[in-house]
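Below: the structure, in structure tokens.
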Amino acid sequence: MSDKKHTTTSGIEIKPLYTEAKPMDERPGEFPFTRGIQKDMYRGRLWTMRQYAGFSTAEESNKRYHYLLAQGTTGLSVAFDLPTQIGYDSDHEMADGEVGKVGVAIDSLKDIEILFDGIQLKDITTSMTINATASILLAMYIALAKKQGADLKQISGTIQNDILKEYAARGTYIYPPKQSMRLITDIFEFCSKEVPKWNTISISGYHIREAGSTAVQELAFTLANGKTYLKAALDKGLDINVFAKRLSFFFNCHNNFFEEIAKFRAARRMWAKITKDLGATDEKAQMLRFHTQTGGSTLTAQQPLNNVIRVSNQAMAAILGGTQSLHTNGYDEALSLPTESAAKIALRTQQIIAFESGVTDTVDPLAGSFFVESLTDEVEAAAWGYIDRIDAMGGSVNAIESEYMQNEIASASYQYQKEIESGERISVGVNKFTQEEEGLTEVFNIDDSIRKLQSEKLAHLRSIRNQVEVEQALQQLSEAAKGEANLMPLIIDAVEKYATLGEIADVFRASFGTY
């Protein structure tokens, strides 16, 4: 037997043979939910098959949404361009060169109306990857649902709305942490009464992992951030048994098959303990529900068709780990936004696993595996170690402001890169099994003329809207931002009068300052 030491990406040593594990007396759908949050899991209902899409203009993205729905997608997931994410209209000088590039450009309610043209919001669930400007995009979505005559008590979906990981790993924040947390808790409070089926935050480990963290760091920092949101909502006087049901999580899934499965199982068990310790008694408030996206940073520009296998491997791990929702990446995403054909293969990957592999026939099929149960315990123990250190610092905000999380992620990223460069860690097609590149014949490019188109639409909108009403709405919002009233009704009022995203974000910049 080889003496070579084997470890997971988090440095957990893997024994050559596992011959025992603690007895499994836990059942699916029961606290602490290690084996899944539903008793029958995918026998009762498959995960939601989402495809993350959004690029160029609302008109172009709308065409892609109709295409994906026709191919069997069961939920939409909206990507926004960088100016939308950081609160600038497309005609702002800060938007130059970025309009429509990494997602769709949304400047006003008019763009949201075009984005979902021909799609009834009452019939789909929509996930929106938006953080600093989440309150504004949610307000636009609610305004459109009202225009369509939908019952707000029935519409469902998710906004990411997770600003803490932006400070720690991603960077699309605008306001200081305290003011950002106020917007988030205003959304919690408003939606618990007015849009009760909406998931008001998707606490995201995805971007922490994309920034270079290990699996254990992704798990620990994500749950530590979740704990901070719980405490903020409790401080606002919200009932944990109500608002905790509307929290969801967003995890990454990388290549180390068994470590990823163990991570998802440990996450449910840990979150159940965290919520219970903070006073949750309703089991639905103790359940960790999560969306998974396959690992963007694992995709290679070299031999890009190999990414089909990587994505399949990661999708299978997410499903065996019990995900509620899944996005599979296009094989060409290391080179460009996904082409239509790559997006279709990514969706077919999920459908083949669902209907041909047999892994959905029984609940938690790897339960009782000596290796998986042991690894679940070890991942959990390592993650608690991080959370205990963060708690000792006073929580996630302090850990981020002191740059503890950022430094831990940077160190892990550096270590990974060293292992790739030394050949200690193999990346097929990159540092082993290389070949002369043939290149893809088709890549997806966004034209720089999109900014001109969006700017013309903005100029037209400003010429036909009631400017007096817009200014009144923005003034009311400005005054409320200086007090303590819930801001969501006033944001909705402003977007319904066709105030732009940038105008509303500027009100908050003036009131809150920037970070």
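Along the sequence shown, the residues carry numbers beginning at 1. Side chains included, hydrogens not; waters and symmetry mates left out as well; all remaining heavy atoms used.
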Working for side chain to side chain donor-acceptor pair (under 3.5 Å), residues Y167 and E401:
CA-CA 8 Å; Y167 299 114; E401 288 181 340; over 6 Å; no

I'd like to know whether Q293 forms a side-chain contact (heavy atoms from CB on, under 4.5 Å) with R50, so could you lay out the CA-CA distance, the side-chain angles of the two residues, the decisive distance to 0.1 Å, and finally the verdict.
CA-CA 9 Å; Q293 182 174 339; R50 292 193 189 281; over 6 Å; no

Run the side chain to side chain donor-acceptor pair (under 3.5 Å) test on Q324 and T48 for me, step by step, so that the C-alpha distance in whole Å, both residues' side-chain angles and the decisive distance to 0.1 Å come before the verdict.
CA-CA 6 Å; Q324 276 65 67; T48 301; over 6 Å; no

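Atom CG of N199 sits about 4.5 Å away from atom CZ of R246, to the nearest 0.5 Å. Between the OG1 atom in T133 and the CG atom in L138 there is a gap of 11.0 Å [rounded to 0.5 Å]. Atoms CG and OG, on L501 and S108 in that order, are 9.0 Å from each other to the nearest 0.5 Å.
Remark: side-chain polar atoms of S511 are paired, donor with acceptor, to backbone N or O of V507 under 3.5 angstrom. A donor-acceptor contact shorter than 3.5 Å is absent between the side chain of T73 and the backbone of G75. A distance-only check finds a donor-acceptor pair linking the side chain of S402 to the backbone of N398 [under 3.5 Å]. A donor-acceptor contact shorter than 3.5 Å is absent between the side chain of Q85 and the backbone of I130. Remark: the backbone N or O of T281 is paired with a side-chain donor or acceptor of N241 at under 3.5 angstrom. Panel note: side chain E260, backbone N255; no donor-acceptor pair is recorded below 3.5 Å. Judged by distance alone, with hydrogens and angles left aside, the side-chain atoms of R43 form a donor-acceptor pair with the main-chain N or O of D361 at under 3.5 Å. Side-chain N or O atoms of T362 include none that pairs as donor or acceptor with a backbone N or O of P365 at under 3.5 Å. Here the side chain of K276 pairs no donor or acceptor atom with the backbone of W271 at under 3.5 angstrom. In this structure, S10 contributes its side chain and I12 its backbone to no donor-acceptor pair below 3.5 Å.
In summary, K147 and E496 do not engage in a salt bridge, as defined by a charged side-chain N under 4.0 Å from a carboxylate O. Electrostatic pairing of K231 and D235 does not count as a salt bridge here, judged by no charged N lying under 4.0 Å from a carboxylate O. Under 4.0 Å is where a charged nitrogen must lie from a carboxylate oxygen, and between D377 and R269 at least one such pair does. Ionic pairing of E26 and R265 is not present here: no N-O contact between side-chain nitrogen and carboxylate oxygen is shorter than 4.0 angstrom. We find that K245 and D282 are joined by a salt bridge, their nearest charged nitrogen and carboxylate oxygen being less than 4.0 Å apart.
For the residue pair E259 and T8, the shortest heavy atom distance occurs at OE2-OG1, 2.8 Å. Pairing each heavy atom of D186 with each of N486, the nearest pair is O-ND2, 3.0 Å. Pairing each heavy atom of A354 with each of T360, the nearest pair is O-OG1, 3.4 Å. Scanning all heavy atoms of the two residues, the minimum distance from S213 to I409 falls at N-CG2, 3.8 Å. Contact record, R268 with F33: NE-O, 2.7 Å, taken as the closest heavy-atom pair. In terms of heavy atoms, A267 sits closest to L288 at O-CD1, 3.6 Å.
No hydrogens or angles considered: nothing links the side chains of E373 and Y18 as a donor-acceptor pair under 3.5 Å. T129 and Y206 form no side-chain donor-acceptor contact under 3.5 Å, judged by distance and modelled atom types alone.
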Side-chain donor/acceptor pairs under 3.5 Å, residues 219-226, sequence neighbours excluded:
from, atom 1, to, atom 2, distance (Å)
T222, OG1, G205, N, 3.4
T222, OG1, E218, O, 2.5
N225, OD1, S396, OG, 2.8
N225, ND2, F221, O, 3.4

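Just one residue in the list S127, S248, S325 forms a side-chain contact (heavy atoms from CB on, under 4.5 Å) with H291, and that residue is S325.
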